[in-house]
Amino acid sequence: MKRFTTPRKSTIALTAIIVVAAILRLWRFPDLPGGLNQDEASAGYETFALLTDGTDRWGNPWPAYFPSWGSGQNVLLSYLSMPFVGLFGLTKFSIRLVPVLLGIGAVPLLYFALRRFINLPTGLIGAALLAVTPWHITASRWALESSILPFFLLAGVTTLGYAYTSSRARHLIPFSLVFLALSLYAYGVAILVVPAIVGLYLCTRYRTVLQNWIPVGLSVLVFLVAAGPLLLFVLVNNVLHRTPGFVSALPFSVPKLVSSRLDQITDGQDLVEMNTHFVTSGFADGYLWTVPNGFLTLGVIGFPLAALGVYFAARARTPEANLFTFWLIGAIVLLFAMPGNGNRANALFIPLIALTAIGVGGLYRSMADRKTGQMVVAVIMATAVGYGVLFFHDYTTRHPRQIAESFGAGFDGALRSANDAQRASEPVYVSDRMPLNYMEVLFYLRTDPKDFRAHADFKNVDGVYDVRNYRDYYFHNDEKSLDAAPSYVAMLRGDERRECARVEPLARHGQWTVIRCVTR
């Protein structure tokens with residue numbers, strides 16, 4: 001691997017890797033995957049509401065956490081998307097920009113971390129593996145707010161290790177925990193991962209901590225200030241179960257949720273059985289938005305090479321070499337708290353990729369015959385790239401048809417047709433086969449959040465905000481106002497039917513059929 005160790009050649013190699021990563025994440029962007037997932041619509045509309053009104057859709061000013069559908073949604077993606085939504089408007093392009101930019105940026109960032117903490121060849125191996133990993137490609141291409149957590153954990157680990165090993169450590173250490181604090185806003189599960197990373201690292205760096213106790217103390221203070229709103233939110237919702245009076249005087253809001261997301265996803269499930277199957281199946285969760293059917297979440301990356309990485313990192317005998325092991329330990333804690341899937345357990349994946357790179361690099365260095373070592377590395381990397389190519393071919397050919405239903409492809413066209421056909425005061429039924437159907441309407445109509453709050457009929461049903469209607473749009477198939485009207489326009493999904501005296505077909509957009517239902 002010496003061929004890549006000169007500055008010019010390593011720069012060329014890294015540039016080529018970044019270009020490949022960008023192509024895999026930007027090809028047919030933002031129309032692949034087609035349609036818009038309900039979580040994307042929710043996060044995007046929250047960005048629009050913040051820009052329009054300085055509140056979320058329910059009127060909470062600059063919240064530390066969005067109540068959203070009732071059990072809450074993470075805020076960081078929506079806040080980071082504000083410049084793009086402000087510049088390009090509320091579109092699929094503008095809300096997917098942050099994830100794809102962070103997805104591309106994670107590749108050189110992993111290279112930098114591994115180069116600094118291990119060596120340059122390991123950095124190139126890690127960057128190349130991440131560039132072609134199926135999970136990371138798919139996660140970068142749509143705006144699920146929790147998918148940006150791995151980037152911020154990676155930035156946090158890199159910043160932490162760099163600060164403590166820099167010649168300017170005393171100046172940098174106070175800011176060493178900023179990205180880890182921000183990761184709490186990316187995805188709330190980070191509150192379980194971050195303490196493990198920081199605690200294990202500082203324990204192994206105890207001499208540096210004692211020698212620099214003032215900068216270290218300042219770093220903790222900066223962390224608490226940056227993470228304070230989210231920690232206050234956790235205190236209000238999980239400890240006090242009430243909102244203290246002083247919160248109303250703060251420049252941000254701390255919403256009290258009507259339900260617990262953790263309770264919803266763990267209710268009646270056997271965590272040991274589910275997560276054992278999740279891990280032993282190669283992190284397969286059955287969801288098409290994680291990876292297409294038939295493909296492994298992390299491609300050819302497996303536990304044996306990652307285990308070798310843990311071994312070689314430990315042999316390096318530096319705290320920084322073990323940072324990814326500390327991260328992995330913190331992420332494993334999640335499996336004891338909630339059912340794992342590609343979204344909830346995404347904190348696991350980058351440390352596994354990094355440790356695999358360390359394992360491959362260590363395997364090469366441990367071989368007496370360098371040519372054999374080079375051949376082993378070449379076979380591993382060629383297999384990873386080949387698997388990535390096969391995955392991407394499927395992702396761009398077969399997969400779009402498979403994922404179309406999950407993302408409600410064609411909804412925007414059906415909504416336009418329904419609006420064009422709607423007569424004065426005629427109701428519009430939006431199929432309740434679309435999860436959070438009202439959210440998609442608000443997104444595509446760019447509805448003023450004040451108008452939504454003033455003209456929506458909603459209530460709390462089992463910890464979920466159930467929106468019955470907004471103005472003339474109705475979101476439940478049993479809505480009596482529809483049958484009471486002489487006619488109404490209906491956006492039907494799949495084989496859905498309505499009982500009508502007469503049906504007038506209006507338009508068809510993929511899985512969506514738009515009709516006029518004449519009731520009498």
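Just so we're clear, the structure is a prediction, and the values are computed from it rather than from any experiment.
Within a 6.0 Å sphere centred on CZ of Arg502, other residues, nucleotides and ligands contribute 12 heavy atoms or fewer. Atom CZ of Phe303 has more than 12 heavy atoms from other residues, nucleotides or ligands within 6.0 Å. Heavy-atom neighbours of Glu405 CD from other residues, nucleotides or ligands within 6.0 Å: at or below the threshold of 12.
Of all non-hydrogen atoms in Thr297 and Phe283, the two that sit nearest each other are OG1-O, 2.9 Å. Smallest separation of non-hydrogen atoms from Ser487 and Glu426: OG-OE2, 2.6 Å. Between Leu482 and Pro427, the closest heavy-atom pair is CD2-CB, 3.8 Å. Ser183 and Leu153 get closest at one heavy-atom pair: OG-CD2, 3.8 Å. Closest heavy-atom contact between Tyr488 and Cys500: OH-SG, 4.5 Å.
Checked against side-chain contact (heavy atoms from CB on, under 4.5 Å), Ala113 has the following partners two or more places apart in sequence or in another chain: Phe117, Thr158, Phe324. Not counting sequence neighbours, Phe152 has no partner by the ring-ring contact (aromatic ring centres under 6.0 Å, His included) test. In this structure Pro67 satisfies the side-chain contact (heavy atoms from CB on, under 4.5 Å) test together with Asp56, Trp58, Asn60, Pro255, Leu257, Tyr465, sequence neighbours excluded.
For an aromatic pair to be called close, the ring centres must be under 6.0 Å apart, and Tyr438 with Tyr470 fails this. Taking the centre of each ring, Tyr45 and Phe443 stay at or above the 6.0 Å mark. Aromatic pair Tyr395/Phe391: ring centres closer than 6.0 Å.
Salt bridge status for Asp31 with Lys92: present, with a side-chain N to carboxylate O gap under 4.0 Å. For the pair Asp448 and Arg453, the salt-bridge criterion is not met [side-chain N within less than 4.0 Å of a carboxylate O].
For the side-chain contact (heavy atoms from CB on, under 4.5 Å) criterion with Ser417, the lone passing option out of Thr513, Val514, Val489 is Val514.
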Report the C-alpha distance between Asp495 and Arg433 in whole Å, list the side-chain angles of each, state the deciding distance to 0.1 Å, and finish with yes or no for salt bridge (Lys or Arg N to Asp or Glu O under 4.0 Å). CA-CA 10 Å; Asp495 61 355; Arg433 293 187 179 184; 2.6 Å; yes
Would you check, one step at a time, whether the test salt bridge (Lys or Arg N to Asp or Glu O under 4.0 Å) holds for Arg520 with Asp483? CA-CA 9 Å; Arg520 51 185 179 272; Asp483 293 328; over 6 Å; no
Go through it in stages, so that I can follow the logic: the residues are Arg57 and Ser42, the test is side-chain hydrogen bond (donor to acceptor under 3.5 Å, both in side chains), and I'd like the CA-CA distance, side-chain angles, deciding distance and then a yes or no. CA-CA 9 Å; Arg57 64 179 179 259; Ser42 180; 3.0 Å; yes
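Formation of a donor-acceptor pair under 3.5 Å by the Ser81 side chain with backbone atoms of Thr47 is not found in this model. Under the 3.5 Å distance criterion, the side-chain polar atoms of Ser253 are matched with a main-chain donor or acceptor of Pro61. When atom types are taken as modelled, the side chain of Arg344 and the backbone of Leu335 share no donor-acceptor pair closer than 3.5 angstrom.
In the model, Arg416 has no side-chain atom that pairs as donor or acceptor with a side-chain atom of His509 under 3.5 Å.
Figure legend: cation-pi geometry between Arg498 and Tyr429, with NZ or CZ positioned under 6.0 Å from the six-membered ring centre and within 45° of its axis.
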